[in-house]
Amino acid sequence: MITGKMFRDGIISASNNIANSRQAVDALNVFPVPDGDTGTNMSMTIGAAAKEMAVLPDGCTLEEASSRCASALLRGARGNSGVILSLIFRGFAKAFKGLSQADGKVVAKAFSEGVDAAYKAVMKPTEGTILTVIRKASEAAQEMAETINDPMEVCFAALVAAKDALAETPEQLPVLKKAGVVDAGGQGLVLILQGFESVFDNEAIVQPLKGSAAEPDLRQNGGAVAGASGDIKFGYCSEFLIEKADNAREKDPLKLRAYLESIGDCVVVVDDDDIIKVHVHSNCPGDVIQAALKYGQLINIKIDNMRYQHRNAEVGVKKGETPPMPKTEPVNEYGFVAVCAGEGLSELFRDIGADVVVSGGQTMNPSTDDILNAILATPAKTVFVLPNNKNIIMAAEQAIPLAEGREVRVLQTKTIPQGISAMLMFDEEADADSNQMRMMEAAESVSTALVTFAARDSEIDGRPVKQGEIMGLCDGKIRFVGKDITEIAFKAADKLYRRKQGGIITVIYGEDATEDMAQKLADRLRNKYADEPEISVVYGGQPIYYFIISVE
């Protein structure tokens with residue numbers, strides 16, 4: 001039988017196993033654009049669950065371990081691969097509900113529930129990906145459970161089938177075959193299953209290699225502490241999780257929130273089936289802890305002296321992470337959360353109405369929890385979220401049911417220009433449905449060119465691309481490759497304009513381009529098109545992309 005302890009150790013082992021190989025998984029991304037972060041996203045996602053598992057006792061039930069795991073994965077999910085992984089384990093938790101341990105038939109059912117959850121979340125499932133690998137693993141588990149009700153045999157059959165399915169992914173996706181690699185998400189899933197196998201078969205947790213842990217790309221921005229006034233009313237930031245206890249003196253988290261709001265501010269109390277997440281600024285952290293203990297045991301406790309941090313920030317001492325954004329009451333009808341990277345873009349989104357800007361984008365996918373915190377910090381009843389990157393949309397959508405007291409609408413903006421155009425189309429007098437439709441119509445009317453560098457050797461439409469070469473992408477497809485950044489940018493912008501014949505061209509230059517480069521590009525476009533389109537230059541400061549160019 002598979003027990004809660006075995007599942008707990010399996011998650012920790014799986015997390016270590018994929019962390020040890022995350023860079024190799026990242027390298028499997030065949031598209032040469034520098035976004036090869038599948039391994040990192042999956043590692044950070046399951047790493048969030050491993051931290052939760054590390055505090056569970058040996059006597060935990062399978063229901064306890066799997067439900068805590070699913071909750072942590074949901075909040076820690078990064079990128080599409082991380083979200084799909086979280087959904088697979090949510091299916092596992094559903095099958096293990098009410099159980100202290102599981103036999104082979106239940107394990108097979110867990111795989112089936114995981115497949116259902118993952119496929120339902122993807123509008124157009126693509127075979128030859130992580131979805132195929134988990135489906136084949138589930139089919140093998142079902143077949144084995146029909147004849148042998150041994151959970152170890154069922155898990156082993158699933159792993160063998162997953163490996164076979166992974167090996168077949170190049171035959172299902174020509175781009176993988178041309179590059180001579182397997183699917184990155186599928187490879188990540190196999191590594192996770194192998195981590196479980198080490199525990200189930202050998203009773204050994206895979207140990208982490210030195211320096212293997214994946215960490216988010218944190219950029220020093222001063223954060224809430226550095227930007228605060230020296231006169232801080234509440235000096236201690238307390239953050240922790242409460243593991244709910246059946247025999248707890250208190251049950252209602254609303255009562256805890258009311259008390260915390262009476263002794264402090266910036267209160268966040270997020271509740272799910274098993275845990276309560278708490279964040280509060282107060283002058284009496286001991287009172288906060290005592291109140292929380294009435295609900296269950298506390299884990300992941302962090303208490304910071306914000307006055308001390310502020311003094312250090314003023315003299316240039318860097319802190320490793322930014323405190324959570326304070327929750328606000330939903331007093332306005334509408335609000336906006338935008339995801340972007342770059343000082344200029346952050347300022348631009350705020351200027352056009354974004355209440356909160358989440359730092360992230362290519363190679364820096366924020367987690368569901370990051371987006372949830374931003375939603376809760378937005379003082380609005382209806383919050384529109386603009387992911388502005390196709391690999392962030394699913395993580396944003398997972399935050400919808402978690403955002404208590406808010407109606408959340410995720411606009412499927414895939415580029416920065418789409419997000420900008422969508423926000424500019426917002427009408428305060430219109431209702432939410434009308435605004436969502438108008439904003440998405442505006443987003444879809446924008447064509448985007450991106451100028452970046454090749455992160456790896458590859459081949460595009462039969463033409464070799466060498467690492468470091470400059471690439472121009474038009475609406476997601478690589479159209480131009482060369483050595484000169486401005487020349488490639490001109491060709492990409494010209495192609496978009498000739499195809500779309502829009503009236504506005506916007507050139508957004510990044511941290512690795514200069515204003516002079518951007519102005520020369522704009523002048524060249526003006527010389528070619530005379531007074532036809534309106535051409536503007538904007539500082540974005542974005543990483544990765546020398547230029548983001550929109551035509552609308």
Side-chain angles (χ1 to χ4, degrees), residues 33-35 37 41 78-80 216-224 227 322 325 335-375 377-378 380 383-397 399 408-426 439-440 442-444 446-452 473 475-476 506-513 515 518 536-550 552:
V33 171
D35 65 348
D37 49 6
N41 281 341
R78 293 174 185 267
N80 293 344
D217 187 356
L218 297 173
R219 302 197 170 208
Q220 183 66 20
N221 57 13
T322 301
M325 289 170 279
F336 294 91
V337 170
V339 181
C340 68
E343 177 185 355
L345 287 176
S346 296
E347 184 176 346
L348 174 59
F349 272 105
R350 290 190 179 95
D351 286 345
I352 61 177
D355 297 271
V356 180
V357 175
V358 178
S359 179
Q362 206 77 346
T363 76
M364 295 188 300
N365 297 154
S367 68
T368 294
D369 208 27
D370 293 332
I371 297 170
L372 173 62
N373 286 335
I375 292 168
T378 302
V383 181
F384 292 99
V385 180
L386 298 100
N388 302 329
N389 185 294
K390 65 179 182 180
N391 204 36
I392 299 174
I393 293 172
M394 287 186 71
E397 290 174 337
V408 179
R409 297 182 177 233
V410 176
L411 303 180
Q412 297 196 0
T413 52
K414 298 177 182 178
T415 67
I416 293 295
Q418 283 192 344
I420 294 170
S421 292
M423 285 198 64
L424 291 174
M425 203 63 186
F426 174 73
M439 293 165 72
M440 277 312 300
E444 290 166 358
V446 180
S447 288
T448 304
L450 305 172
V451 180
T452 186
L473 291 80
D475 289 329
T506 304
V507 176
I508 304 172
Y509 65 98
E511 65 180 6
D512 294 318
E515 183 177 5
S536 59
V537 173
V538 176
Y539 170 64
Q542 70 273 3
I544 306 300
Y545 299 116
Y546 302 106
F547 292 108
I548 299 173
I549 304 166
S550 66
E552 56 185 311

* Asked: Hey, is CD on Glu397 packed in by over 12 heavy atoms from elsewhere, all under 6.0 Å?
  -> yes
* Nearest heavy-atom neighbours spanning Ala374 and Val358 -> CB-CG2, 3.4 Å
* Asked: Hey, does Ile392 have a side-chain heavy atom less than 4.5 Å from the side chain of Pro366?
  -> yes
* Asked: Sequence neighbours excluded, which residues qualify as ring pair (Phe, Tyr, Trp, His ring centres under 6.0 Å) partners of Tyr539?
  -> Tyr509
* For side chain to side chain contact (heavy atoms under 4.5 Å, CB included), just list the numbers for Ser359 and Ser346, CA-CA rounded to whole Å, side-chain angles, deciding distance to a tenth of an Å, and then say yes or no. => CA-CA 8 Å; Ser359 179; Ser346 296; over 6 Å; no
* **Atom pair CG/CD1 of Asp512 and Ile544 - distance to nearest 0.5 Å** => 8.0 Å
* For Leu411 and Ala422, which heavy atoms make the closest approach, and how far apart are they? -> CD1-CB, 4.4 Å
* Structure fact -> Thr448 meets the side-chain hydrogen bond (donor to acceptor under 3.5 Å, both in side chains) criterion, sequence neighbours left out, with Thr415
* To do: Could you pull out all residues at least two apart from Phe349 that satisfy ring pair (Phe, Tyr, Trp, His ring centres under 6.0 Å)?
  => none
* Do Ile549 and Ile508 come close enough that some side-chain heavy atom pair is under 4.5 Å? -> no
* Do any N or O atoms from the side chain of Thr413 and from the backbone of Asn388 form a donor-acceptor pair under 3.5 angstrom? -> yes
* To do: Kindly determine whether Val356 and Arg350 satisfy side chain to side chain contact (heavy atoms under 4.5 Å, CB included), including the steps that lead there.
  => CA-CA 7 Å; Val356 180; Arg350 290 190 179 95; over 6 Å; no
* Report the residues that fulfil salt bridge (charged side-chain N to carboxylate O under 4.0 Å, His left out) with Asp475, sequence neighbours left out, ordered by chain and then residue number. => Arg499
* To do: Could I get the full list of side-chain contact (heavy atoms from CB on, under 4.5 Å) partners for Val385, not counting sequence neighbours?
  => Val337, Ile371, Ile375, Val383, Ala396, Val408, Val410
* Identify, with sequence neighbours excluded, every residue that meets side-chain contact (heavy atoms from CB on, under 4.5 Å) alongside Asp355. => Phe336, Thr378, Pro379
* Which heavy atom in Ala518 sits nearest to a heavy atom in Val537, and how many Å separate them? -> CB-CG1, 3.7 Å
* **Listed once per pair and sorted, the salt bridge (Lys or Arg N to Asp or Glu O under 4.0 Å) pairs that draw on residues 408-423, sequence neighbours left out** => Glu407-Arg409, Arg409-Asp433
* Measure the shortest side-chain to side-chain distance between Val357 and Glu347 over non-hydrogen atoms and say whether it is less than 4.5 angstrom. => no
* Asked: Can you name the nearest heavy-atom pair linking Pro387 to Val339, along with the distance?
  -> O-CB, 3.4 Å
* **Distance-only side-chain donor-acceptor flag, Ser421 / Glu552, under 3.5 Å** => yes
* From CA spacing to verdict: side chain to side chain contact (heavy atoms under 4.5 Å, CB included), Val507, Phe547 -> CA-CA 7 Å; Val507 176; Phe547 292 108; 3.7 Å; yes
* Asked: In Å, rounded to the nearest 0.5 Å, how long is the span from CE of Met439 to CG of Leu386?
  -> 5.5 Å
* side-chain hydrogen bond (donor to acceptor under 3.5 Å, both in side chains) partners of Ser550, counting only residues at least two apart -> none
* To do: List the steps and the verdict of side chain to side chain contact (heavy atoms under 4.5 Å, CB included) for Gln542 and Ile416.
  => CA-CA 10 Å; Gln542 70 273 3; Ile416 293 295; over 6 Å; no
* CG of Asn80 to CE of Met394: how many Å apart, nearest 0.5 Å? -> 5.5 Å
* Structure fact -> Correct closest heavy-atom pair for Met440 and Gln412 would be SD-N, 3.6 Å
* **Contacts of type side-chain hydrogen bond (donor to acceptor under 3.5 Å, both in side chains), residue Thr368, not counting sequence neighbours** => none
